[in-house]
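So you know, we letter chains A, B, ... as the sequences are listed, proteins then strands, and number each from 1.
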Number of protein chains: 2
Amino acid sequence: MNDSAEPGLTARAEQTRSAIVEAALRLFRERGYDAATMRAIAGAAGVSTGNAYYYFSSKEDLIQEFYLRSHADHAAACRDLLDREDEFSARLRGTVRSLIDVLNPYHAFAAAFYKNAAEPTSPLSPFSKESSAAREASIALYREVMAGSSARIDRGLRAELPELLWLYSLGVVLFWVYDTSPDRVRTYRLIDATVPLVDRLISLARMPVLRGTVRELVALIHELRN
Amino acid sequence: MNDSAEPGLTARAEQTRSAIVEAALRLFRERGYDAATMRAIAGAAGVSTGNAYYYFSSKEDLIQEFYLRSHADHAAACRDLLDREDEFSARLRGTVRSLIDVLNPYHAFAAAFYKNAAEPTSPLSPFSKESSAAREASIALYREVMAGSSARIDRGLRAELPELLWLYSLGVVLFWVYDTSPDRVRTYRLIDATVPLVDRLISLARMPVLRGTVRELVALIHELRN
DNA sequence: GCCCAGACTTGAACGTGTTCAGGTTATGAG
DNA sequence: CTCATAACCTGAACACGTTCAAGTCTGGGC
């Protein structure tokens with residue numbers, strides 16, 4: 001049983017679907033998003049153009065597949081660290097660094113499609129309903145980063161921190177998209193420099209000076225979520 | 001002397017250019033970005049499709065015009081407040097609220113084009129070279145918000161705060177893009193709730209507990225800017 | 001007045017993502 | 001085995017953004 005199989009598809013259809021995904025991701029990686037035309041993808045998969053639209057309602061839809069695989073790779077890449085390490089900084093740093101490791105081969109491609117992700121009505125937006133499964137999975141990873149650590153965290157903050165850390169990782173990815181340095185070293189430097197800041201802010205959140213502000217921030221998050 | 005005139009264009013050509021811009025912004029507002037086709041824009045302006053490309057190298061290029069007008073409108077909308085008020089919170093709150101006021105008629109349209117803005121290689125990106133003039137102008141506005149206020153601000157932070165406030169406004173705009181509440185009331189609520197937090201954080205930045213973190217943050221900004 | 005260089009304008013044509021009317025194939029009921 | 005139904009598949013066609021070879025107009029030098 002192939003657990004990536006979709007319901008309602010015969011074995012042969014599933015094979016066709018996979019061929020299209022493989023062709024798409026390969027061409028995205030090799031040629032970039034724009035140059036990987038639907039005709040080229042369909043051709044490389046050995047099907048007609050129209051048939052690709054039988055399985056994927058749009059070119060953007062193919063990117064959801066990229067999301068899913070990226071997250072799976074990321075979760076796998078973190079596994080060892082999250083099982084072994086218990087210091088918060090090291091857990092967060094390793095998790096975010098491995099996210100960048102996983103995304104790096106797709107840098108040119110990702111730059112092109114993150115523009116679609118910013119469109120709020122697009123199903124590709126990280127905030128959209130269609131992406132909620134992928135988003136929840138990512139947030140769960142940061143919940144594990146927090147929960148498995150020895151750090152003492154403000155009680156009111158605990159419920160919101162995973163989502164805030166996920167937002168932090170989105171910020172890092174945004175920086176990475178714009179990063180033109182060799183091997184994206186500046187992104188890794190950004191991570192190494194900001195993780196201690198995050199760590200310190202979380203510690204400070206328990207102190208009297210900041211506790212009030214943190215409480216307001218949490219209340220704000222609640223209100224805006226409705 | 002029309003100060004919006006471009007160099008190297010005859011009066012008649014300038015008139016054609018203006019007609020295209022007017023038609024574009026009107027159709028963007030009335031139909032949205034996608035439905036306002038280049039053929040429709042050119043037709044509404046009374047010129048051929050190809051002629052529109054003589055003045056604007058792409059459809060995205062027409063959006064730069066939107067940027068320019070928006071900023072001019074925003075600066076004008078803030079003028080009174082910035083000349084009158086001297087309390088930091090009120091200045092920041094009023095400035096960001098008036099930004100949303102200015103953008104509101106274009107909400108549906110803006111949602112569609114902000115996706116292009118997120119593409120780092122796109123000239124529309126707020127971080128791109130092509131947008132640097134508009135960006136500098138916006139940052140200058142927040143420099144004025146800071147400089148004209150009576151707030152005491154950490155010496156090391158002063159140089160970076162205008163850019164940080166601009167980033168804050170980008171965050172508000174991002175929220176606004178996703179805001180589906182009637183009249184975007186949630187965006188205004190977000191502003192009213194976050195401005196005091198920003199104000200408090202700026203105050204706290206001068207206190208010993210946070211001063212070190214702020215210094216590191218400023219150093220990080222410097223390093224990442226190169 | 002004449003003419004030409006260059007500013008301006010045109011519309012057909014290209015390649016793209018996407019659609020669709022219509023074909024082909026597999027499956028299960030009789 | 002028959003055949004109807006649904007799943008699967010096709011490629012021509014559509015509208016779009018964009019390009020370009022070819023036209024028209026205009027100002028200024030003679």
Side-chain angles (χ1 to χ4, degrees), chain A residues 5-21 23-25 27-28 31-66 109 112-113 115-117 119 121-124, chain B residues 5-21 23-25 27-28 30-66 109 112-113 115-117 119 121-124 130:
Chain A
E6 302 285 314
L9 291 183
T10 67
R12 194 166 68 82
E14 177 56 33
Q15 209 172 328
T16 306
R17 204 193 114 96
S18 286
I20 295 169
V21 173
L25 293 190
L27 291 180
F28 284 158
R31 305 187 193 175
Y33 183 73
D34 286 343
T37 69
M38 287 301 278
R39 286 166 181 78
I41 291 168
V47 301
S48 70
T49 318
N51 196 15
Y53 282 88
Y54 181 77
Y55 292 97
F56 301 93
S57 65
S58 69
K59 191 176 179 182
E60 294 191 353
D61 211 31
L62 278 166
I63 294 180
Q64 289 284 4
E65 220 63 30
F66 170 77
F109 156 51
F113 89 71
K115 81 170 180 187
N116 304 31
E119 154 80 24
T121 63
S122 158
L124 289 180
Chain B
E6 301 285 314
L9 291 184
T10 67
R12 195 164 68 79
E14 175 56 33
Q15 211 173 326
T16 306
R17 204 192 114 96
S18 285
I20 295 169
V21 173
L25 292 190
L27 290 180
F28 283 157
E30 291 175 3
R31 305 187 192 176
Y33 183 74
D34 285 343
T37 69
M38 286 302 276
R39 285 167 180 78
I41 291 169
V47 300
S48 70
T49 317
N51 195 206
Y53 282 89
Y54 181 77
Y55 292 97
F56 301 94
S57 65
S58 69
K59 191 176 180 182
E60 294 191 354
D61 211 32
L62 277 166
I63 294 181
Q64 287 287 2
E65 219 64 30
F66 170 76
F109 156 51
F113 90 72
K115 81 171 181 187
N116 304 32
E119 153 80 24
T121 64
S122 158
L124 289 181
E130 287 81 354

*If you measure from CG on Leu25(A) to CD1 on Ile63(A), what distance do you get to the nearest 0.5 Å?*
9.5 Å
*Hey, could you give me the OH/NZ distance between Tyr33(A) and Lys59(A), rounded to the nearest 0.5 Å?*
5.0 Å
*Which sits closer to the 5' end of DNA chain D, Ser57(B) or Thr16(A), going by the nucleotide each is nearest to?*
Thr16(A)
Write down the distance between [atom1] ([X]) and [atom2] ([N]), rounded to a whole number of angstrom.
X	N	atom1	atom2	answer
Arg17(B)	dA7(C)	CZ	P	16 Å
Glu60(B)	dT18(D)	CD	C1'	12 Å
Tyr55(A)	dT18(C)	OH	P	18 Å
Phe56(B)	dT19(D)	CZ	C1'	18 Å

Scan the side chains in residues 36-50 of chain B for donor-acceptor partners under 3.5 Å anywhere in the protein, sequence neighbours excluded, and list what turns up.
from     : atom 1 : to       : atom 2 : distance (Å)
Thr37(B) : OG1    : Ala40(B) : N      : 3.0
Ser48(B) : OG     : Asn51(B) : N      : 3.2

*Parallel, tilted or perpendicular, as decided by the 30° and 60° cut-offs, for the rings of Phe109(B) and Phe66(B)*: perpendicular
*Does the pair Tyr55(A) and Val21(A) meet the rule for a side-chain contact (heavy atoms from CB on, under 4.5 Å), with working shown?*
CA-CA 10 Å; Tyr55(A) 292 97; Val21(A) 173; over 6 Å; no
Report all interatomic pairs (protein N or O, nucleotide N or O of nucleotides 10-17 of chain C) with separations under 3.5 Å.
from    : atom 1 : to       : atom 2 : distance (Å)
dT10(C) : OP2    : Ser48(B) : N      : 2.7
dT10(C) : OP2    : Ser48(B) : OG     : 3.1
dG17(C) : OP1    : Lys59(A) : NZ     : 2.8
dG17(C) : OP2    : Met38(A) : N      : 3.0
dG17(C) : N7     : Arg39(A) : NH1    : 2.9
dG17(C) : O6     : Arg39(A) : NH2    : 2.9

_Counterpart residues, side-chain contact (heavy atoms from CB on, under 4.5 Å), relative to Glu30(B) (two or more places apart)_ = Arg26(B), Leu27(B)
